[in-house]
S.K.: 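Have a look at this one.
Lettering of chains follows the sequences in order, A, B, ..., and the numbering in each one begins at 1.
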Number of protein chains: 2
Amino acid sequence: MIDKHSPMPIYYQIEEAIKERIDKGEWREGDMIPSEREFSEMYHISRMTVRQAVTNLVSDGYLIRQIGRGTFVARRKIQQKLFGLTSFTEDMKGRGMKPGTRLLDFRTVSASGPIAEQLQIPDGGEMYEIKRVRSADDLPMALEITYLSEDLVRGLTEEDVYGSLYGYVEKELGMTIGYATQELESSVAREAESRTLGIAEGAPLLLIKRFSYLEDETPLEIVYSAYRGDRYKFVVGMHRNRTDSNG
Amino acid sequence: MIDKHSPMPIYYQIEEAIKERIDKGEWREGDMIPSEREFSEMYHISRMTVRQAVTNLVSDGYLIRQIGRGTFVARRKIQQKLFGLTSFTEDMKGRGMKPGTRLLDFRTVSASGPIAEQLQIPDGGEMYEIKRVRSADDLPMALEITYLSEDLVRGLTEEDVYGSLYGYVEKELGMTIGYATQELESSVAREAESRTLGIAEGAPLLLIKRFSYLEDETPLEIVYSAYRGDRYKFVVGMHRNRTDSNG
DNA sequence: ATATTATAAAGGTATAGACAACTAGTAGTC
DNA sequence: GACTACTAGTTGTCTATACCTTTATAATAT
């Protein structure tokens with residue numbers, strides 16, 4: 001089960017082994033898993049290596065540690081993904097719906113103003129501007145405008161933007177997305193939005209502004225989106241900060 | 001600076017020391033901090049202990065590790081709190097506004113239906129129902145209805161609910177809040193809401209439903225809130241999941 | 001019965017090293 | 001000038017061990 005000479009780190013192999021047992025139902029929610037010392041003897045590895053695996057799964061929400069008692073399988077593994085940043089495509093698939101895209105506009109424009117500043121594009125730089133209607137089960141769900149630095153994702157084509165931009169950046173370009181900040185506000189549809197999304201004027205809209213960053217904090221994209229208020233709920237899981245020192 | 005005989009763990013003292021230097025501006029955003037070995041020699045502690053401190057600060061977003069290069073101070077320390085779960089009171093203070101509360105109703109009711117189920121209250125159990133208008137700088141900001149298991153926070157009084165419930169639970173009861181899931185949707189104000197919040201009928205509202213849990217996953221509270229769409233934006237930071245195995 | 005004490009077992013903290021993988025710069029070679 | 005090889009310094013992974021704190025249970029004393 002554990003290969004000490006694999007290029008995969010041992011702690012990672014342990015993580016996968018534990019997650020597999022949870023997914024298979026071998027260990028159910030609330031069950032106590034073997035102690036760190038038991039793992040250590042079972043696989044003939046150091047307890048510190050076991051701890052590294054368990055620590056990662058705890059911060060990912062798979063396990064819960066209780067000192068003096070043991071380590072337990074967390075409840076609600078379904079909701080795990082609520083804590084992670086997802087693309088529209090992943091979001092819709094996670095809800096059991098079929099994501100789709102209608103491309104309204106795809107162009108490069110010269111960067112300026114606060115958008116250029118956020119994307120850290122120097123004067124005279126170019127950026128992609130992508131307008132899309134995102135659909136779920138073939139019904140319009142949101143209107144999206146995305147800005148990307150041309151320098152960062154050079155060679156982006158129209159074909160690439162029909163699916164998940166996150167998937168493209170991660171799989172094709174091999175970059176690692178780190179985090180995003182999002183601002184959500186409630187609004188109502190005006191004429192243009194109501195026509196594109198097929199809803200009435202004055203119907204509720206959920207506006208989301210997203211700034212995405214790579215792992216090294218390079219700004220990746222800006223997305224402005226307007227979701228149909230009657231069909232979309234934004235769901236998010238949040239952890240309480242360990243450090244509530246000053247505020 | 002570091003006291004090996006303090007009841008505070010060494011790694012925690014290191015964390016605080018690093019954060020202090022960052023807060024003071026001694027180490028600025030993007031700066032490289034001393035290497036793990038340098039810390040280790042500087043304080044005469046093991047490198048693994050240093051790593052534990054640095055690892056925690058990395059997951060809290062204060063630092064960024066780059067293998068082969070070093071460890072650097074992350075940008076945007078202001079936005080750190082976006083990633084953490086906050087109460088209304090903390091949220092408003094973080095925005096530089098003065099939070100306030102008007103108590104509309106405070107009672108115990110017998111639990112039943114999906115609310116009792118979510119709070120894991122057995123048949124015949126009691127729960128608190130608290131209706132409050134939350135204000136910012138003395139202007140109404142949101143209408144909130146909170147449900148809490150009476151068994152969990154026994155002895156809650158009217159006085160306790162004028163401030164932060166999170167603060168009460170953590171400081172007075174000594175419990176540790178773990179996480180929450182939140183659902184956000186856009187809506188429009190009807191007659192009752194428009195009157196309470198002082199806005200027009202048909203004005204946008206941001207509805208938020210929150211389920212809070214303690215560290216051991218005991219359900220703590222349910223909160224339904226309606227925020228004024230013209231004055232409130234929900235801001236959140238989200239990390240990309242390390243583990244995007246199957247989806 | 002109740003309370004106290006002892007014990008075992010769990011996770012928490014810490015050590016002192018070792019080697020691997022990666023980055024950036026330097027020196028040398030062509 | 002361009003390429004290669006080397007080197008120093010960094011984080012990443014891993015070991016084997018030690019002792020502490022907390023929890024739950026069993027044994028003992030009252």
S.K.: May I ask you to verify if any side-chain N or O of Thr49(A) is less than 4.0 angstrom from the OP1 or OP2 atom of dT13(D)?
M.R.: no

S.K.: Could you tell me whether the phosphate oxygens of dA24(D), OP1 or OP2, come under 4.0 Å of any side-chain nitrogen or oxygen in Arg69(A)?
M.R.: yes

S.K.: Specify whether Tyr224(B) and Tyr147(B) have parallel, tilted or perpendicular ring planes, treating 30° as the upper limit for parallel and 60° as the lower limit for perpendicular.
M.R.: perpendicular

S.K.: Measuring from the side chain of Tyr11(B) (C-beta onward, heavy atoms only), which nucleotide among dT13(C), dG11(C), dT13(D) has the closest atom?
M.R.: dT13(C)

S.K.: Ignoring hydrogens and geometry beyond distance, is a side-chain donor-acceptor pair present between Thr49(B) and Tyr43(B) at under 3.5 Å?
M.R.: no

S.K.: Given dT15(C), dC14(D), dA18(C), identify the nucleotide with an atom nearest to the side chain of Arg47(B).
M.R.: dA18(C)

S.K.: How far apart are the closest heavy atoms of Gln13(A) and Ser6(A), and which atoms are they?
M.R.: NE2-CB, 3.5 Å

S.K.: Spell out yes or no: do the side chain of Arg37(B) and the base of dT11(D) have one donor N/O and one acceptor N/O closer than 3.5 Å?
M.R.: yes

S.K.: Which nucleotide wins on minimum distance to the side chain of Glu36(B), given the candidates dG12(C), dG12(D), dT15(C)?
M.R.: dG12(D)

S.K.: Are a donor atom and an acceptor atom from the side chains of Arg51(A) and Ser46(A) found within less than 3.5 Å of each other?
M.R.: no

S.K.: Determine: side-chain N/O of Gln66(B) to OP1/OP2 of dC22(C), distance under 4.0 Å, yes or no.
M.R.: no

S.K.: Out of dG11(C), dT13(C), dT11(D), which has the shortest distance to the side chain of Ile67(A)?
M.R.: dG11(C)

S.K.: Looking at dT10(D), dA14(C), dG17(C), which one has an atom nearest to any side-chain atom of Glu38(B)?
M.R.: dT10(D)

S.K.: From dG12(D), dA10(C), dC14(D), pick the nucleotide closest to the side chain of Met32(A)?
M.R.: dA10(C)

S.K.: Quick one: does Ser46(A) reach the base of dA16(D) with a side-chain donor-acceptor pair under 3.5 Å?
M.R.: yes

S.K.: How many whole angstroms separate atom NE2 of His5(B) from atom C1' of dT13(C)?
M.R.: 14 Å

S.K.: Think Ser35(A) has a side-chain N or O under 4.0 angstrom from the OP1 or OP2 of dA9(C)?
M.R.: no

S.K.: Is it the case that over 12 heavy atoms from other parts of the model lie below 6.0 angstrom from the CE atom of Met8(A)?
M.R.: no

S.K.: Taking for each residue the nucleotide of DNA chain C with the nearest heavy atom, is it Met48(A) or Ile33(A) whose nucleotide lies nearer the 5' end?
M.R.: Ile33(A)

